[in-house]
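Atoms within a ligand are numbered from 1 in the order they appear, just like the ligands themselves.
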Amino acid sequence: MERTFLDIVQGRFSARDYLNKPVEREKIERCLEAARLAPSACNSQPWRFIIVDEPQLKNRLCDAIFAGPYSVNSFAKKAPALVVVLSEKGSFMARVGGFLRDTRYYLIDIGIAVEHFVLQATELGLGTCWIGWFNEKALKREMELSRGAKIDVVLSLGYPAGAPPEKSRKSIKEMASFNKSP
Ligand SMILES: Cc1cc2nc3c(=O)[nH]c(=O)nc-3n(C[C@H](O)[C@H](O)[C@H](O)COP(=O)(O)O)c2cc1C
C-alpha cells in the first residue's frame, strides 16, 4: 500500500545505530533534490551540503568532531555517511528583514532544507540523526573550510539497525489551539 506523507513523518526517528552498508549515490542525490526544493526567506537558499561518504575521510572526520565533550555523538561513526551542512547568511534582503524582525531567517531556511533531506531519506528506507553538538573548529580543519565558514548542523546517514522507538511528544491540545492563544 502507498505510504502517506504522515506515514513517512511517523517513520522518521533519530537513528543512532547503523548497518555496515554504504548508501547508494542515487539515493543521496534524491535527498539532495528534496533539500534543493525547500523554501527559504527571499529564496536565498543559504545552504551548501557536503556529503562525506569516503570511509577513511568520514572516520577521520568523526574522530575529530566527536572527541572529548562531543563523544556523546560518536555513534555517528557507525553511519556510512555524514552530511555537513554549511550555513550561509542568506541574501541581503533576508538579512535586513531578519535584523528588523530580530530573527535569523537563514537558520529557519536550513532547518527546512535539512528536514526535506531527512524525510526523503526516510522514504528511501534510510536513517538519519540531526547532530548539533560537535566540534565545529575541528570540522573546518578536517574539511579545509575557511575559518569564517559556519556549520550549525551535521547529519549521520545510513541504513538504520533496529526499529524506531516510541515517540515522546506533546499532545496536539498542548501544542496548538484554534482561534485563541494556547
Ligand atoms: C537541531 C537539532 C539538533 C540535534 N542534535 C542532536 C545531537 O547532537 N545528538 C543526538 O543524538 N541527537 C540530536 N538531535 C536529535 C533529537 O535529540 C531528537 O530529534 C529528539 O530527541 C526527538 O527524537 P526523534 O528524532 O527520534 O523523534 C538533534 C535534533 C535537532 C532537530
**OP:** Decide yes or no on side-chain contact (heavy atoms from CB on, under 4.5 Å) for Trp47 and Asp109, but give the supporting numbers first.
**Re:** CA-CA 8 Å; Trp47 50 68; Asp109 300 338; 3.9 Å; yes

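- Among all protein heavy atoms, the one lying closest to atom 28 (C) of ligand 1 is Trp130 O, 3.4 Å.
- Screening residues 94-107 for side chain to side chain donor-acceptor pair (under 3.5 Å), with sequence neighbours left out, gives Lys89-Tyr106.
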With a 3.5 Å cut-off and sequence neighbours excluded, list the donor-acceptor pairs that the side chains of residues 119-129 form with protein atoms.
| unit_1 | atom_1 | unit_2 | atom_2 | d |
| --- | --- | --- | --- | --- |
| Gln120 | NE2 | Glu123 | OE1 | 2.8 |
| Thr122 | OG1 | Val118 | O | 2.9 |

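- The ligand atoms of ligand 1 that sit less than 4.0 angstrom from a heavy atom of Phe75 are 11 (O).
- Here is the list of ligand 1 atoms found below 4.0 Å of a heavy atom in Gly132: 3 (C), 4 (C), 5 (N), 6 (C), 7 (C), 8 (O).
- For atom 21 (O) of ligand 1, the protein comes within 4.0 Å by no heavy atom at all.
- The protein reaches atom 18 (C) of ligand 1 closely, with a heavy atom under 4.0 angstrom from it.
- Closest protein heavy atom to atom 15 (C) of ligand 1: Ser14 OG, 3.5 Å.
- Given atom 11 (O) of ligand 1, the protein heavy atom at minimum distance is Arg16 NE, 2.8 Å.
- Not one N or O on the side chain of Lys140 forms a donor-acceptor pair closer than 3.5 Å with the backbone of Leu145.
- In this structure, Glu174 places its CD atom where more than 12 heavy-atom neighbours from other residues, nucleotides or ligands lie under 6.0 Å away.
- Within the 3.5 Å criterion, the main-chain N or O of Trp133 finds a donor-acceptor partner in the side chain of Asn73.
- No part of Glu166 comes within 4.0 Å of ligand 1, judged by heavy-atom distances.
- Residue contacts with ligand 1 include Ile131, since one or more of its heavy atoms lies under 4.0 Å from the ligand.
- Results of the side chain to side chain contact (heavy atoms under 4.5 Å, CB included) test with Val85 over Val114, Val154, Ile50 single out Val114 as the only residue that passes.
- Proximity of Cys129 to ligand 1, defined as any heavy-atom pair under 4.0 Å, is confined to the side chain (atoms from C-beta onward).
- Nearest non-hydrogen protein atom to atom 8 (O) of ligand 1 is Asn73 ND2, 2.9 Å.
- A cation-pi arrangement, defined by a distance under 6.0 Å to the six-membered ring centre and an angle within 45 degrees of its axis, is present between Lys21 and Tyr159.
- Note: no N/O pair closer than 3.5 Å links Phe13 and ligand 1 by distance alone.
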